[in-house]
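Structure first, commentary second.
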There are 2 protein chains.
Amino acid sequence: MVNIAVMGYGTVGSGVVEVINTNGARINQRIGDELQIKYVLDLRDFPGDPIQEKIVHDFDTIVNDPEVQIVVEVMGGIEPAYTFVKKCLLAGKSVATSNKALVAKHGAELLSIARERDINFLFEASVGGGIPIIRPLNSSMTADEIEEITGILNGTTNYMMTKMFYEGSDYDDVLREAQEKGYAERNPEADVEGYDACRKIAILSSLISGQQVDFEDIYTEGITKISKEDMMYAKAMGMTIKLLATSKRQGDLLQAMVAPYLLRKEHPLYSVNDVFNAIFVHGNVLGDAMFYGSGAGKLPTASAVVADVVDEAKHLHRNIMTMWKSDKLELLPFEDTSKRFFVRISGEPEALKAHVESKFGPVEIIRADGLEGEFGFLTGVLTERVYEENAKEFPGILHRIRVEG
Amino acid sequence: MVNIAVMGYGTVGSGVVEVINTNGARINQRIGDELQIKYVLDLRDFPGDPIQEKIVHDFDTIVNDPEVQIVVEVMGGIEPAYTFVKKCLLAGKSVATSNKALVAKHGAELLSIARERDINFLFEASVGGGIPIIRPLNSSMTADEIEEITGILNGTTNYMMTKMFYEGSDYDDVLREAQEKGYAERNPEADVEGYDACRKIAILSSLISGQQVDFEDIYTEGITKISKEDMMYAKAMGMTIKLLATSKRQGDLLQAMVAPYLLRKEHPLYSVNDVFNAIFVHGNVLGDAMFYGSGAGKLPTASAVVADVVDEAKHLHRNIMTMWKSDKLELLPFEDTSKRFFVRISGEPEALKAHVESKFGPVEIIRADGLEGEFGFLTGVLTERVYEENAKEFPGILHRIRVEG
């Protein structure tokens, strides 16, 4: 018998209980032992719910019970999650969590406590929901130097970008629709400003570098300025626009950022639509790979959490997770990162092209049917600094979007 | 120090040596020990190649050396690979292989020998080349019942199907081109007849069911009859044609087959092009997921083999692979499997539709621009038996292709 406790009976927590109830026989067979939920921690009661008899309101009941070997943390947020998880690990209990904020901020410390005690701190569900990505990075892509990891890591914004692309809708309209469907929160900031994707790429960056990457250091730009007109240009170029979270090796440094990017048809992430997430990985010997699936949702997320519980139950006294060290990795300064830029500008190419090229170098002029009095141009590869310095000279610039690849 | 031997210095074998030479420092860090290639077994000599000093011609040198803890088998074929691998496992050496024929035929037995001896028999590279799929099935998707696994598992045929779709080329021309580029063998049978994909789906089917699925039991149809005209109809329907290897649960049984399928734009496998492979998985709680990457090639395949070596080096005396039992799983009889069919037939819909519908039920008529004197129709879901029995009544049928989903 392996006893577990679930902290938080919200969406993911109730999903965890449902997954264990639904697939219990198969799960037990894989563990080679019987998994039992002993406690569910929540402030609320759930009268009539079969879980009610397992509800406890006091965290100490869990941490002080030597029979509890694995704890699931699906409360979200930094506190009290951090305090509870740390106490559980210090008490010798393995922890599985879906909490990206917790992992991004305290992952290095919690991993090192788990390693010292020969137990595990696993967090597959914290990035990409149900998509296996943390474990493949930890135990499958171990013959490679991972040179790039770029993901569509937020389902809400991907749903919005997909709608805007296929239906030509306005940003405000798709946001309202996403809110009505329950894909976006009433306060959508964490999604649309890219904060959610930022924490996730911080976790992936820490994993591939083996050092702490602070999410505060990652340049993050959301999708709030993406317009119907931008999508018209994207279509004219045979591209689409996606919110990408990306981390690339450049020499010994890593460049990481979150921003809307123009993406070519040939890129594997191009056809990742609606609320789906996907993570593109480039290894120096593996080449290109991509992992695709449901990046959120009750059952997919719970599936990943329970898979961590299964792994922890199979390795009760053996640490299996690669650590990342707590010393901080310096990122390549944002101003020094380079890429191509797509720029929309008021005016006519005939009048402006020479001036534009004198500042940005050779550009490709882009016209979108139906848009008068403005045009677009694609630059060659420039640093952010060079772009910004020269952009100042053109008050007619309406928008600029980066180009991936 | 962990000593390994590589059996076979062909494409994959030399790739394994190259990967270890290239990424050795990182690999050693992940293992926490130094990996060293002690022997390379090959019938040939390689004068001038730095590997020459490690070349041995006698297998006994490897199996009798107690210092060798891990053996890489990349010779291919059943014999002598089977005899060598079995002897290595019986001698307490873990084995990593890319050999799909060996795994499909003898996987259950070799896994059970490894388990008895607390060592490992791993074969990530046998399906999907560099794409992590065996390990994710074994240790990531463990909270799910896997209800479907459908893959584009052969790069050669996917390259050919992609060319035929995008360029409107004939089968014979794309085959010649694939041969010139080195993607197809001079004798292309194993690829174009689906035999390669069949062994791979047999392995995946065994893994998801936990029982032996014999590849001889899997209905296998190649791409040799797919024509330019078929692709014209596919386009007219907004679909494409791919060689799919698929395994689906139907009640307690599994239905497995390899055949060309029509695939809708919305399917994640639709946009998997050129020599890339991808594996779509549906879990009862996870939902849809897909794994994409290089399904073959020297370095991607070697990357997967070396990742297995890393896992084996980290688990020298601990078995980590889920077994499948040697008792054979009965598949749902092919005749009882059901799907929609697309049928091309000589004549005109006006004259034939009533007769067609009297036999196949309601159908959707499909016309392709530029094809005269014939038309196509899409049936509802039928069993293979019902389709075959009724198709006999229509001597004008030119071709039938199954429809996925």
Side-chain angles (χ1 to χ4, degrees), chain A residues 15-16 18-20 22-23 26-27 29-31 124 129-136 139-145 210 265-266 268 270-273 276 278 280-281 283-294 297-300 302-311 314 318 320 322, chain B residues 15-16 18-20 22-23 26-27 29-31 124 129-136 139-145 210 265-266 268 270-273 276 278 280-281 283-294 297-300 302-311 314 318 320 322:
Chain A
V16 166
E18 185 177 335
V19 167
I20 292 171
T22 308
N23 292 338
R26 197 79 163 124
I27 289 167
Q29 189 190 338
R30 284 173 181 141
I31 297 175
E124 182 61 73
I131 307 171
I133 180 62
I134 306 287
R135 196 175 280 98
S139 54
S140 282
M141 290 178 274
T142 52
D144 275 75
E145 284 288 352
K265 259 202 182 75
E266 295 70 30
Y270 176 93
S271 37
V272 175
N273 287 324
F276 283 97
F280 170 86
V281 181
N284 70 334
V285 291
L286 171 67
D288 293 347
M290 186 180 73
F291 301 78
Y292 166 97
S294 296
K298 175 176 169 170
L299 290 179
S303 157
V305 173
V306 176
D308 278 350
V309 171
V310 170
D311 227 2
K314 286 165 76 178
R318 185 186 172 99
I320 55 170
T322 302
Chain B
V16 166
E18 186 177 334
V19 167
I20 292 172
T22 308
N23 291 340
R26 197 80 162 123
I27 289 167
Q29 189 191 339
R30 283 172 182 143
I31 296 176
E124 181 62 72
I131 308 171
I133 180 63
I134 305 286
R135 195 174 282 97
S139 52
S140 282
M141 290 178 275
T142 52
D144 275 75
E145 284 290 352
K265 259 202 185 77
E266 294 71 31
Y270 176 93
S271 37
V272 176
N273 286 324
F276 283 97
F280 169 86
V281 180
N284 72 332
V285 290
L286 172 66
D288 294 347
M290 187 179 74
F291 301 77
Y292 166 98
S294 296
K298 175 176 169 169
L299 290 180
S303 157
V305 173
V306 176
D308 278 350
V309 170
V310 170
D311 228 1
K314 286 165 75 177
R318 183 184 173 101
I320 55 171
T322 302

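Here the structure is a predicted model, which means the values were calculated and not measured. Here is the naming used below: chain letters follow the sequence lines, and residue numbers restart at 1 for every chain.
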When [options] are compared by non-hydrogen pairs under 4.5 Å with chain A, the top option:
options                        : answer
B:V281, B:V310, B:D311, B:V285 : B:V285
B:G210, B:G293, B:G130, B:S139 : B:S139
B:I131, B:N23, B:V306          : B:N23

At their closest point, which heavy atom of [X] faces which heavy atom of [Y], and how far apart are they?
X      : Y      : answer
B:R318 : A:K314 : NH2-O, 2.9 Å
B:L286 : A:S294 : O-OG, 4.1 Å
A:R30  : B:A143 : NH1-N, 4.1 Å
B:S140 : A:A307 : O-CB, 2.9 Å

Working to the nearest 0.5 angstrom, can you tell me the gap between [X] [atom1] and [Y] [atom2]?
X      : Y      : atom1 : atom2 : result
A:I27  : B:E145 : CD1   : CD    : 9.0 Å
B:L299 : A:N284 : CG    : CG    : 9.0 Å
A:K265 : B:S271 : NZ    : OG    : 11.5 Å

